2 protein chains.
Amino acid sequence: MAVTLKQIAEKAGVSLTTVSFALRGKQPGKRRLSPITVERILKVADEMGYRPNHVAASLAGKKTYTIGVLVTALRGDFYERVLFGIKKEVYPKFSPVLAVHNYNSGYEKNELENFISKRVDGVIAAFSGHAENIELYREIKEKYNIPIVLLDRRIPGLELPLVRPDHFDTSYQAVNSLFALGHRNITYIGGADNLEYMKLFNQGYQTAMTELGLKDNISVISQSHAHQNQKVLKKFAAQVISAWEQSSPQPTALLVISDWLAYEILGVCQDRGIKVPDDLSVMGLDDCSPSELPTIGLSSVWADQEKVGEIAAKLLLERIENNTGEPTRIILPVHLRMRKTTRPL
Amino acid sequence: MAVTLKQIAEKAGVSLTTVSFALRGKQPGKRRLSPITVERILKVADEMGYRPNHVAASLAGKKTYTIGVLVTALRGDFYERVLFGIKKEVYPKFSPVLAVHNYNSGYEKNELENFISKRVDGVIAAFSGHAENIELYREIKEKYNIPIVLLDRRIPGLELPLVRPDHFDTSYQAVNSLFALGHRNITYIGGADNLEYMKLFNQGYQTAMTELGLKDNISVISQSHAHQNQKVLKKFAAQVISAWEQSSPQPTALLVISDWLAYEILGVCQDRGIKVPDDLSVMGLDDCSPSELPTIGLSSVWADQEKVGEIAAKLLLERIENNTGEPTRIILPVHLRMRKTTRPL
DNA sequence: ATGAAAGCGCTAACAT
DNA sequence: ATGTTAGCGCTTTCAT
């Protein structure tokens, strides 16, 4: 069945060690081998159809060349882009093990334990927010000395490097751009603020409004659970628009925590004959791909998620290779994407 | 650092073997151990914070409890759903290693070799279509005896189990539903037919048209590369509509190979003042999530991709566990989702 | 009911 | 320039 180093060694008339080094090139402990033997070994290995056994190599070498990537969810082309950035950065030296927790504490625990058992060389994770798993993160870091890089949010009590888009500036910029268009009455449609990015969105909104002298116009509508299925979003969207219809003075713009919720709001507007952007401007905050579709054209704020992944991976590799690195915090700039759902007043 | 079986054995005053069995429950070779020792071992292990080392277990046990999942791409909520189905089915016994080839032969080769080196227990793969990798698939199957289940398309010359939605019936049903609405002049907007599903889409269209006595109305517009970025799609969409505008008699309906292309077509129609569905009905074939958005409402054909993943995983597990199973072919039914871009004539 | 011991296939000192 | 050898942390016969 599977060919081993030993078999190659026998066939090539050299020792197993020589084969091991020959096959891996010169990288490790500077052993010098005659090019002629190397060539012979390579040939034999090729003829026999040798495939290295990573499992054995990992056990012996105490390195698995594997990193654990734990994200909150896969849907919605968000962590997909992050994952792509990670893959790009570590390829082909490391391979990522993908895990998803969906904000479920049990899944998160399970996946993290799995990372430990798999002896991954490093972890990139988006913390779920469940405090009961903090000790597990600490164990990974301190007991197992596995480097961790965080995505999007910190873990209270743990000093860990973090990479995320500038959430505060996201809503801050959005409010300012709306202001520049002439809007003064801007309502923020938010989430429960239990996740750090939501809190920052909210703060960015509040700060911008205050700075612009619009403190009295601040108004927030929010719903407890942010990550929901389409049905729940639809219902919430209807509530938002009903509230808007009844309010006076009516806000001229809505700043919406997620593009997918904004799409539903657009739908409700359409049903009720509210013209966007003529009667109402709508703006999302996490530029998802449908926003760019010609029939949607939702104004939103774009973050380079791929770069988030790349940088996280880069930080992780540094830490894996040099066992160094302080808990840096890297906040990436975001960019306005003004499209068709916002207009000058 | 990491606690080992040996350390637990010493602390508990038993042999390493006993610890190994105790920790894994009763499953393997029916060894009987006194509940009292088991309890003590469990307690010690817990106190010491033991985490099993999967790497060592895999090497010794010749099973990695890992399956390789190779898909064509991640974007577009397609393989995402498949992956979800797979995870659901194998959790928590096996963990999937995710690989993506993007129709690139080199990546595919690399990822498959990686699967071998990782000694995965099984493989679920969507073949890229590149013939030069067929031997590698054969090697996995025959030399390494690693079970493989295919997604979406066969591999010429290899008898392997396959799971896919009914691509033929997708376009076949679509044409019939359009016919039922009164449409007779239906154009198919397709791809290069180099992938099996494209060929089947095309055949379903041709067959349905022929059966309905619409042989003379058959018309196909296609473009070589199907999986492109938005810019290319936009351009192709413009060409499609230009062709439509100039044709006479004008088709009343467009059957579009992918929903994302259809969205762009909708955009072009909007720009040129063509009313959908009043002037033209548009229908997609791979129901993606934006189709359901209220402001899009693209009619399409839905396939239960999650179930594709589930079934593929189920077939794979059977083969891993019993080393049995013929090359079954499972074709899942698809369902029409008539929304707002199609209308009765 | 429990242990001892032989690997699994490789890496990395430590020779020569 | 190449070989010998001792593990890595487990699973699994084979004993007792």
Side-chain angles (χ1 to χ4, degrees), chain A residues 1-42 44-45 48-66 116-121 144, chain B residues 1-42 44-45 48-66 116-121 144:
Chain A
M1 285 206 26
V3 180
T4 67
L5 288 191
K6 200 173 159 194
Q7 292 170 30
I8 298 177
E10 279 162 11
K11 206 153 201 161
V14 291
S15 81
L16 188 158
T17 307
T18 306
V19 177
S20 171
F21 280 90
L23 255 32
R24 279 178 298 158
K26 59 211 63 183
Q27 322 150 13
K30 58 304 179 94
R31 170 175 277 242
R32 307 156 43 96
L33 8 204
S34 85
I36 164 139
T37 23
V38 170
E39 196 170 351
R40 182 158 36 98
I41 292 173
L42 256 36
V44 173
M48 301 179 73
Y50 175 73
R51 304 283 179 195
N53 183 327
H54 287 351
V55 180
S58 296
L59 182 59
K62 294 160 165 326
K63 261 186 175 52
T64 55
Y65 292 100
T66 274
I116 298 180
S117 281
K118 280 199 146 59
R119 299 299 193 263
V120 298
D121 293 339
Y144 288 89
Chain B
M1 283 205 28
V3 181
T4 67
L5 289 190
K6 199 172 158 194
Q7 293 170 31
I8 297 177
E10 280 161 11
K11 205 154 203 160
V14 291
S15 80
L16 188 160
T17 310
T18 306
V19 177
S20 170
F21 280 90
L23 255 29
R24 280 177 297 157
K26 56 210 66 185
Q27 321 151 16
K30 59 307 181 97
R31 169 175 276 241
R32 306 156 44 94
L33 10 205
S34 85
I36 164 142
T37 23
V38 171
E39 195 168 353
R40 182 159 35 99
I41 292 173
L42 256 36
V44 173
M48 302 180 72
Y50 174 73
R51 304 282 178 194
N53 183 328
H54 287 349
V55 180
S58 296
L59 183 59
K62 292 159 167 328
K63 264 188 173 54
T64 57
Y65 292 100
T66 274
I116 297 181
S117 281
K118 280 200 146 60
R119 299 297 191 265
V120 298
D121 293 338
Y144 289 88

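Residue numbers start from 1 in every chain, and the chains themselves are labelled A, B, ... in the order their sequence lines are given, proteins ahead of strands. Predicted model, so just to flag it, every value in this text is computed and none were measured.
With DNA chain C read from its 5' end, the first of the two nearest nucleotides for B:Pro35 and A:Val55 is the one closest to B:Pro35. Comparing B:Thr18 and B:Gly61, the nucleotide of DNA chain C nearest to each residue sits closer to the 5' end for B:Thr18.
Whole-Å rounding puts the B:Leu23 CG to D:dG9 C1' distance at 13 Å. C:dT11 atom C1' lies 7 Å from atom CZ of A:Phe21, rounded to whole Å. With rounding to whole Å, B:Gln7 atom CD is found 8 Å from D:dG9 atom P. As rounded to whole Å, 15 Å separates atom C1' of D:dT4 from atom CD of A:Glu10. At whole-Å resolution of the value, CG in B:Leu16 and P in D:dC14 are 19 Å apart. Atom CG of B:Leu33 is separated from atom P of D:dT16 by 21 Å (rounded to the nearest Å).
OP1 or OP2 of D:dC10 lies within a sub-4.0 Å distance of a side-chain N or O belonging to B:Tyr50. Put simply, A:Arg24 has a side-chain N or O that comes within less than 4.0 Å of OP1 or OP2 on C:dA12. Between C:dG9 and B:Lys62, a contact under 4.0 Å exists linking OP1 or OP2 to a side-chain N or O. Side-chain nitrogen and oxygen atoms of A:Ser20 include at least one within less than 4.0 Å of the OP1 or OP2 phosphate oxygen of C:dT11. Residue B:Thr4 places none of its side-chain N or O atoms closer than 4.0 Å to OP1 or OP2 of D:dC8.
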Exercise. Starting from the C-alpha separation in whole Å, work towards a yes-or-no answer on side chain to side chain contact (heavy atoms under 4.5 Å, CB included) for B:Thr66 and B:His54.
Key: CA-CA 10 Å; B:Thr66 274; B:His54 287 349; over 6 Å; no

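The shortest side-chain heavy-atom distance between A:Thr64 and A:Lys118 does not fall under the 4.5 Å cut-off. The shortest distance between side-chain heavy atoms of B:Val44 and B:Val19 does not fall below 4.5 Å.
For B:Thr17 against C:dA4, a side-chain N or O and a base N or O form a donor-acceptor pair under 3.5 Å.
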Distances for protein N/O vs nucleotides 14-16 of chain C N/O pairs under 3.5 angstrom?
none

